[in-house]
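Just so you know, residue 1 is the first one in the sequence shown, and it goes up from there.
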Amino acid sequence: MVFSINITKGSRNSGAGASGILKQVNGVNGMPIAIAPGFPDLQDQFNQMGITHIRLHDCFGVADIDDGFVANRSSNQNQLIPNVPLLSQEKAKTFIADFVNKRTIFPYAAEGMRTNDLTLASQSPNFATTDSYLKQILNNVASVNPGNIQREVFFRVGRTLDGGYEVPANFDIYASLVGQIVQRYAIDYQSVGLPRKVTYWEIWNEPDLTFFWNNNNSNVYYEFYSRIARMIKSIDPSAKVGGAGVANGYNPGGAYLDGLLSYCRSTGTPIDFLSWHYYGNRTGDPLNVIDIGNSIQSALNRYGYSNIESICSEWNSSPFSTVNTFSKVQSAKNAAYIVSSLIGMQYCKTDKAYYYRGDGSSFGMFNDNGQPLKPSKKTFCTYAAQSFNLFTRLFETPYILNQSNTFSTGLTTLAAENATGNKMNIIAANFEVGYGFVTGEVPADQYYKQYYLDTSKTVNQLTSTANKNKWFGGSDPRKLSSNNAVEQNRTVADLPTFGSLPSRSRSYGLSNTGLGVQINGIGSNYQGYLLTVYRIKEGGRLDRMTPEEVSSSIAAYMSNGILHITDTGAGSSTVTLYSVEFTTGPNGNTTDPNGGTNSGGNTGGGGIINGNTNSVTYEVPIAAGIRTPLGMVLPQNYMFIANQQYKLTISKGVSSCTAGNGIDVTVNRCAKVGDAQYSYKNSVFTPFISGILQSYGSTLIGPSFVYLAGGGKVTCTLTPL
């Protein structure tokens, strides 16, 4: 027995998504352009994942106001260090500090703020690096963007992790610096070469953690937020401003959630969104995101902000920067965590979300792992990346449907259809909550070789034209300098947090054995369907973004306007997408027990019965790349006689059988095997049972399949001999 859900076709759920429409919560932190030497460009991969929303945070100088990295600073937070070989780590620290400081936008901001000198703070701005990255991100390379994906940037105002955690010394000067950036990327963006303006501006990152904002008087942050928000709006009134990107997303009554909203309400300070983070290290449960979203909604309602956006600007299963975590977040289990979270966000106040992170850096979705048995050949992606690919396909069917799943097992599902109702996608993530998975100390089940910083050259040796263009927007690194180093005082205590979330109660007994889906309300307009199933699981192929297509564990049939799908392979740590296209032709899509998935039934059948010697000719639609059981190209309503021989010819297409290695059906080596109910040999079809074989549906057993690479119709002729 499997865990079963009911879905009603055409019954749209206005309480999910954005009034029933799928929300774009599949954004990421990180960039499709390499962040540093040793890391890859990922334009093609980002496009195949369908990434349209990108948050610029921890981009190592890119879009940063005033980074002040120090090479010898002791830090457990630096993400680029853990993957670097031990003997190169000290050299890497020096490289990172020099590299990031030379890419930050205002290299003398700290010095100018110390002396209250705006002219000095604005001296020698380095827009070239950020210009270059923004142009590449937003323009998107046409050669790898066949879907014409249009990206949007969510600009985090502040610094990269380890760029300094002391509060800016002069809020007015800092606001002026931000104003120059807004003028450039929101007003004068076309002169820079950007196709679209930057609209969203998030003010700082995680001020509730004092290693990002070393002050626990929340009024200090409120004043800072107000200066920046008012400056942005004065330059671009249509801009969206918000904060605070809090680390503790669940914190009812917290200073940087309720406190910020209360301050904005009482002072008239603009706020267009409230941003927060959620990492699974507290409970290990992806569906706690629903509880956080509901808590955020309650806070917004309390202060009269129910209509502003709630944005989860960072999330992942774990925040711990260790080699154990970096492999775990790329696993099939984390793919299930990701999709469970993305589904959960459709059922709470989460308007946008940005996974941390989407690139090849630490916590990212790409690694330097070789393919099994082919270590010299790199994998194209990870299971985590494939999960975004599958979720993105739901946007082909953006209208969320009502379903019976209460999220009380390991299986989290979401069903959606297109506007006309002839296509439906159902995604199912099977994740079993376990705290060991989200900690940094517990080893990974499998390790993947990660990308790491290339320190074979110093920063000042990156002077070739290619290197200058790649990393510094064409500037010569030897001519770039900065003075943003600020003495970092001992961090003060973080402000208290309120409330705690338990993991949700689950029962895994049924969900780990698979999934059953019943789609009701199909009606009489559709008599057939095409079913395609994709699955992410550990050990699956990683040389392409599309996961493996599966059929061997799938059984499906349609009867009386109800489509039944049973999948015994949707066990723990899997993500499965069921894509259904309903057809007006007769018969249903049936999965043969021998492993072929039928493409939707035939259009023929003359009602020939008992001994009629006339032949019948008819057409059968064959979906591209799908193995169609031979039984499903038989004519509808034809009454067969047991052991009677029938000449069955197929006009085109390659046919093969499971009892052999891709045997062409015209070679006629398929014969009765085991409990087969027919044979097909020398173009002669012989049933071993009498009746209308089509009515046996998924129970009709036979070894042969029809395959048409490009899809289309084949002409069949059946003649009694």
Side-chain angles (χ1 to χ4, degrees), residues 22 26 28 32 40 42-52 140-141 143-149 330-339 342-343 355 358-360 364-367 369-372 374 377-398 413-414 416 418 423-430 448 530-554 565 567 569-570 573-581 589 591 595-597 599 622-627 707-711:
L22 196 71
N26 56 328
V28 299
L42 298 164
Q43 287 272 32
D44 189 8
Q45 287 88 333
F46 266 52
N47 291 333
Q48 291 196 42
M49 287 193 293
I51 303 300
T52 56
N140 207 344
V141 178
S143 62
V144 294
N145 186 21
N148 193 32
I149 288 175
Q330 296 172 345
S331 66
K333 183 165 186 175
N334 205 53
Y337 182 99
I338 288 169
V339 174
L342 292 170
I343 293 172
Y355 179 80
D359 53 21
M365 290 192 282
F366 296 90
N367 59 41
N369 209 54
Q371 292 183 24
K374 296 180 180 179
K377 187 175 182 181
K378 300 293 185 272
T379 56
F380 185 76
C381 61
T382 66
Y383 301 116
Q386 288 180 338
S387 72
F388 273 79
N389 173 270
L390 288 190
F391 186 84
T392 294
R393 296 181 184 215
L394 292 178
F395 290 100
E396 302 168 357
T397 54
T413 59
L414 185 145
N418 62 359
K423 185 170 184 179
M424 182 183 296
N425 282 312
I426 305 159
I427 197 164
N430 197 333
Y448 302 105
L530 310 175
L531 173 63
T532 308
V533 182
Y534 299 98
R535 175 122 64 231
I536 299 170
K537 64 179 181 180
E538 201 70 41
R541 62 187 302 174
L542 292 171
D543 60 335
R544 64 183 186 185
M545 193 65 72
T546 302
E548 294 183 27
E549 186 177 340
V550 296
S551 61
S552 60
S553 66
I554 314 294
I565 304 171
D567 181 6
S573 298
T574 63
V575 178
T576 310
L577 179 73
Y578 309 88
S579 185
V580 184
E581 292 187 49
N589 179 308
T591 299
T597 302
S599 60
I622 304 293
I626 292 179
R627 291 153 54 94
Y707 180 91
L708 185 60

Is the closest side-chain donor-acceptor distance between Thr574 and Arg535 under 3.5 Å? no

Taking ring-ring contact (aromatic ring centres under 6.0 Å, His included) as the test, write out the residues that go with Phe388, two or more places apart. Tyr355

Drop me the distance from Leu531's CG to Ser579's OG, to the nearest 0.5 angstrom. 8.0 Å

Once rounded to the nearest 0.5 Å, what's the spacing between atom CG of Asp567 and atom OG1 of Thr576? 5.5 Å

Which residues satisfy the side chain to side chain contact (heavy atoms under 4.5 Å, CB included) test with Arg541, sequence neighbours excluded? Asp543, Arg544, Glu548

Shortest non-hydrogen contact between Ala336 and Ala429, atoms and distance: O-CB, 3.5 Å

With sequence neighbours left out, the residues meeting ring-ring contact (aromatic ring centres under 6.0 Å, His included) with Phe46 are none

Kindly determine whether Glu396 and Leu394 satisfy side-chain contact (heavy atoms from CB on, under 4.5 Å), including the steps that lead there. CA-CA 5 Å; Glu396 302 168 357; Leu394 292 178; over 6 Å; no

Checking side-chain contact (heavy atoms from CB on, under 4.5 Å) for the pair Glu581/Thr532: CA distance, chi angles, key distance, verdict? CA-CA 9 Å; Glu581 292 187 49; Thr532 308; over 6 Å; no

Enter the distance from Leu42:CG to Ile51:CD1 here, rounded to the nearest 0.5 Å. 11.0 Å

Partners meeting side chain to side chain contact (heavy atoms under 4.5 Å, CB included) with Asp44 (sequence neighbours left out): Gln48, Val144, Phe380

Drop me the distance from Ile536's CD1 to Tyr383's OH, to the nearest 0.5 angstrom. 9.5 Å

Regarding Asn418 and Thr397, do their side chains bring together a donor and an acceptor under 3.5 Å, going by distance alone? no

Apply side-chain contact (heavy atoms from CB on, under 4.5 Å) to the pair Phe395 and Leu22, showing each step before the final yes or no. CA-CA 7 Å; Phe395 290 100; Leu22 196 71; 3.5 Å; yes

Do Pro547 and Asn389 have side-chain heavy atoms sitting under 4.5 Å apart? yes

For Glu538, which residues count as a side-chain hydrogen bond (donor to acceptor under 3.5 Å, both in side chains) partner, sequence neighbours excluded? Tyr448

Under 3.5 Å: donor-acceptor pair, side chain of Thr392, backbone of Met49: yes

Minimum heavy-atom separation for Asn145 to Ile149, with atom names? OD1-N, 2.8 Å

Applying side chain to side chain contact (heavy atoms under 4.5 Å, CB included), can you list everything that pairs with Ala384, at least two apart in sequence or on another chain? Ile338, Met365, Thr382

Pairwise side-chain contact, Val339 with Leu390, heavy-atom cut-off 4.5 Å (strictly under): no

Please give me the minimum heavy-atom distance between Ile554 and Val533, naming the atom from each residue. CD1-CG1, 4.0 Å

For residues Tyr578 and Ala428, report the shortest heavy-atom separation together with the two atoms involved. CE1-CB, 4.2 Å

Can you give me the closest heavy-atom contact between Gly364 and Gln330, atom names plus distance? O-NE2, 3.0 Å

Less than 4.5 Å apart, side chain to side chain, heavy atoms only: is that true for Leu577 and Asn425? yes

